[in-house]
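Read the structure below first, then the notes.
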Amino acid sequence: MAFKKKFAPRRKFCRFCADKDIPLNYKNPEVLRDFVTERGKIIARRITGVCARHQRELTREIKRARQMALMIYTPTHDSQVKKKSSI
């Protein structure tokens with residue numbers, strides 16, 4: 001006997017294809033932070049729902065923002081993280 005699913009998952013869509021006004025560049029780290037975990041890893045497109053073209057652009061712009069020190073590489077590079085020696 002097959003079980004029916006209780007709910008249907010919501011269809012994912014590309015945020016950048018839906019709204020052309022969202023700037024996708026390294027100078028706007030507030031938008032890029034939505035696609036990076038708190039550990040500093042770039043979130044996969046199957047989780048975020050971004051199309052392949054925009055995922056490539058997104059990855060490139062995140063790496064540029066990191067290079068320009070607008071975003072962090074790892075949590076230890078964040079200024080709010082306390083070091084163990086200072087506790």
Side chain to side chain donor-acceptor pair (under 3.5 Å) against Glu57, all qualifying residues, sequence neighbours excluded: none
Side chain to side chain contact (heavy atoms under 4.5 Å, CB included) partner of Leu32, the single match among Thr59, Ile42, Asn25, Ile62: Ile62
Nearest heavy atoms of Cys17 and Lys20, plus distance in Å: O-CE, 3.6 Å
Heavy-atom side-chain contact between Glu61 and Leu58 under 4.5 Å: no
Over 12 foreign heavy atoms within 6.0 Å of NZ, Lys63: no
Sub-4.5 Å side-chain heavy-atom contact between Arg15 and Asp34: yes
Hphob cluster co-occupancy, Ile22 + Phe35, side-chain heavy atoms under 4.5 angstrom: yes
Considering all heavy atoms, the nearest Arg46-Lys12 contact: O-NZ, 2.6 Å
Minimum-distance pair of heavy atoms, taken over all atoms of Tyr26 and Leu70: O-CD1, 3.2 Å
Inter-residue atom distance Arg64.CZ - Met71.CE, 0.5 Å rounding: 14.0 Å
More than 12 heavy atoms of other groups within 6.0 Å of Tyr73 OH: yes
Any residue meeting side chain to side chain donor-acceptor pair (under 3.5 Å) with Asp21, in chain and number order, not counting sequence neighbours: none
Do any side-chain atoms of residues 47-54 form donor-acceptor pairs under 3.5 angstrom with protein atoms, and if so which ones, sequence neighbours left out?
| residue | atom | partner | partner atom | Å |
| --- | --- | --- | --- | --- |
| Thr48 | OG1 | Ala44 | O | 3.3 |

Minimum side-chain heavy-atom gap Val36-Ile43 below 4.5 Å: no
